Every structure is written in structure tokens, then in C-alpha cells.
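Taking it in order: structure first as C-alpha cells, then the write-up.
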Amino acid sequence: MPPSISKARVQSLYKRLHQHFGPQHWWPAESSWEMMVGAILTQNTAWTNVEKAIASLKSSQTLSIYSIATLPRRRLEQLIRPSGYFRQKARRLRLLARAVLKDPCVTKDRALLLSQHGVGPETADSILLYASGQPIFVVDAYTRRLGHRLGWFKTDDYHEVQRFFHDRLPREAALYNEFHALIVRLAKAHCTSRNPKCRSCPVQARCAFGKRTRS
DNA sequence: ACCCAGGTGTTTC
DNA sequence: GAAACACATGGG
């Protein structure tokens with residue numbers, strides 16, 4: 001990883017994003033457990049779909065750890081159906097709920113989180129940052145895309161990208177919280193797949209988002 | 001009728 | 001080991 005990108009550049013991007021969008025107040029959840037449920041449900045899925053699934057859990061009074069741990073599999077599947085991959089995710093949620101009931105420390109320990117089926121590095125780090133307040137930078141598809149477009153790094157490796165940010169930012173949970181939220185905000189606000197025109201982009205004149213690279 | 005979304009686990013070369 | 005595939009719904 002070339003150290004050629006300075007801390008100042010990375011911190012300057014953060015400042016511009018924060019200036020432009022303001023504080024994001026993440027994670028959008030009312031409790032740590034709801035946050036964890038959202039983290040599983042949002043895997044490769046649009047957040048609007050996750051909202052539907054969470055709303056259906058809430059309205060049926062089945063969002064609690066105990067409910068999700070004990071609900072019949074088919075019932076849980078139907079409740080979270082709008083979030084997609086509903087069979088996989090029902091199983092993952094149930095396993096996670098049971099693990100947390102057995103040992104609440106799971107929520108705070110990276111190795112324990114990663115040993116849960118269906119919890120990979122991004123989900124684990126999201127939980128550590130947003131549910132446990134630990135200063136761990138979360139890397140997602142947007143973070144990689146942004147870094148690539150800005151020429152900051154070429155790698156796709158999760159931990160290499162994470163190290164890039166860890167090396168250039170003070171170790172503060174509040175900062176990592178906002179930064180990641182702002183990157184997601186940027187992705188939603190600016191060039192999405194069908195919107196190649198991007199005015200007043202806080203990142204650069206030529207917008208850093210849009211999955212396809214335009215010619 | 002495509003393409004995409006706040007990944008992860010399994011299978012295949 | 002990397003690369004390809006399966007998983008599924010809903011919105012643009």
C-alpha cells in the first residue's frame with residue numbers, strides 16, 4: 001500500500017463530506033440488537049427493503065433476541081421476506097440470537113463475531129462500531145469504490161483497505177461512525193447507476209459513484 | 001427487460 | 001488460492 005496518500009487528504013475528504021451533508025446520526029436503529037438485525041438483513045440488499053423487514057418484525061412483536069432465537073423458522077422467514085435472501089438470513093439471525101443469548105460478549109468480540117455463520121468482516125465491524133462503540137473502521141462496497149475512483153488504493157482486500165483508513169485517521173469511534181455513514185450518504189445522494197450526471201459533488205468534479213465507469 | 005443493492009459461504013478451476 | 005456461483009426481494 002503506497003503511503004503516498006497523506007492523512008491530510010483523507011481527513012479533508014471527511015471534512016468536505018461532513019460540511020456538505022451534516023451529521024448522519026448512525027446507525028438507524030433503536031437498540032443494539034435492532035442494529036445487529038439490520039446488519040445481517042442489509043447484506044447486499046437495499047436499505048429500503050431492510051426497513052420493511054424490520055417494520056414487520058416490530059409490528060408482530062418479534063424483534064427481541066429471544067423471539068428471533070425461538071420463532072419457528074418458516075415464520076421468521078416470512079416476516080423478513082422483503083429483505084431478500086430470506087431463508088439464509090432467517091437462519092443467520094436465529095444463530096446469532098442464540099449465540100448472544102448464550103454469551104452476550106459475542107457482541108463485543110471480533111473473533112467471536114467472525115466465528116458466527118453469516119457474519120463476515122463487514123458485518124462484524126459494523127456491529128463493533130455501531131452497537132459496541134469500538135473504534136473500528138467499516139469497509140463496504142462504497143468505501144472500496146470511492147477509494148478506487150480517487151486513486152487512493154487498488155486493492156479489494158478488506159483488511160488492506162481498513163488499514164489504509166486506520167493509518168490515516170485518529171482512532172475515534174465517533175469519527176469512524178460519521179465517516180462511514182457519510183460515504184453511504186454520498187452514494188445514495190449522488191451518481192447512482194442511472195444518474196451519471198453529478199453536480200456539486202463534494203468529492204470531486206467527476207463524481208466518484210456509479211457502479212459502471214463511464215467512458 | 002435489464003441493473004443494482006450498506007455480503008457471505010460454498011463450489012469449482 | 002483466486003474466481004465463479006448461489007442466495008431473493010424491490011426499486012429505478
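A note on names: the letters A, B, ... follow the listed sequences, proteins ahead of strands, and every chain is numbered from 1. Keep in mind that what you see is a predicted model, and the values were worked out from it rather than measured.
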Original post:
When you match A:Val184 and A:Val119 each to their closest nucleotide on DNA chain B, which lands nearer the 5' end?
Top reply: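 Result of the comparison: A:Val184.
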Starting at atom [atom1] of [X], determine the distance to atom [atom2] of [N], rounded to an integer number of angstrom.
{"X": "A:Gln78", "N": "C:dT9", "atom1": "CD", "atom2": "P", "result": "10 Å"}
{"X": "A:Leu114", "N": "B:dT8", "atom1": "CG", "atom2": "C1'", "result": "11 Å"}
{"X": "A:Leu113", "N": "B:dT8", "atom1": "CG", "atom2": "C1'", "result": "14 Å"}
{"X": "A:Tyr85", "N": "C:dC5", "atom1": "OH", "atom2": "P", "result": "14 Å"}
{"X": "A:His117", "N": "B:dT10", "atom1": "NE2", "atom2": "C1'", "result": "10 Å"}
{"X": "A:Asp140", "N": "B:dT8", "atom1": "CG", "atom2": "P", "result": "10 Å"}
{"X": "A:Leu93", "N": "B:dT8", "atom1": "CG", "atom2": "C1'", "result": "14 Å"}
{"X": "A:Gln88", "N": "C:dC5", "atom1": "CD", "atom2": "P", "result": "17 Å"}

Determine the contact category for [X]: base if any of its heavy atoms lies under 4.0 Å from a base atom, sugar-phosphate if only primed atoms, P, OP1 or OP2 are that close, otherwise nothing.
{"X": "A:Glu122", "value": "sugar-phosphate"}
{"X": "A:Asn49", "value": "base"}
{"X": "A:Gln116", "value": "sugar-phosphate"}
{"X": "A:Phe86", "value": "sugar-phosphate"}

key: Separation of the P atoms in C:dA8 and B:dT11, to the nearest angstrom   =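 Their P atoms lie roughly 15 Å apart.
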| said: To check you understand the geometry: which heavy-atom pair defines the closest contact between A:Thr45 and A:Lys89, and what is its length? | reply: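 Shortest heavy-atom separation between A:Thr45 and A:Lys89 comes out as OG1-NZ, 2.8 Å.
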Is it the case that [X] and [Y] place a side-chain donor and acceptor less than 3.5 Å from each other?
{"X": "A:His117", "Y": "A:Arg91", "value": "yes"}
{"X": "A:Ser67", "Y": "A:Gln61", "value": "no"}
{"X": "A:Arg92", "Y": "A:Gln43", "value": "yes"}

Check each residue of residues 30-44 of chain A for a non-hydrogen atom within less than 4.0 Å of any atom in DNA chain B, then write out the ones that pass by number, or none.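 Here the set is A:Thr42, A:Gln43, A:Asn44.
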- Does some side-chain heavy atom of A:Lys52 sit less than 4.5 Å from a side-chain heavy atom of A:Arg81?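 No, side chains not in contact.
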In terms of ring plane angle, is the pair A:Phe137 and A:Phe165 parallel, tilted or perpendicular, where the classes change at 30° and 60°? parallel
Strictly below 4.0 Å: does [X] bring a side-chain N or O up to OP1 or OP2 of [N]?
{"X": "A:Arg91", "N": "B:dT8", "answer": "no"}
{"X": "A:Ser83", "N": "C:dA8", "answer": "no"}
{"X": "A:Arg87", "N": "C:dC7", "answer": "no"}
{"X": "A:Lys52", "N": "C:dG11", "answer": "yes"}

Kindly work out whether a path of hydrophobic side-chain contacts (I/L/V/M/F/W/Y, heavy atoms less than 4.5 Å apart) joins A:Leu112 to A:Leu95.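 A:Leu112 and A:Leu95: separate clusters.
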* Nearest to the side chain of A:Arg145 - B:dA5, B:dG7, C:dG10? ->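 So the side chain of A:Arg145 is nearest to B:dA5.
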Nearest-nucleotide pick for A:Pro121, side chain only, options being B:dG7, C:dG10, B:dT8 =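 It is B:dT8.
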Note to self: Please determine whether salt bridge (Lys or Arg N to Asp or Glu O under 4.0 Å) holds for the pair A:Lys7 and A:Asp167, giving the CA-CA distance in whole Å, both sets of side-chain angles, and the decisive distance to 0.1 Å.
What the structure shows: CA-CA 8 Å; A:Lys7 295 183 181 183; A:Asp167 286 347; over 6 Å; no
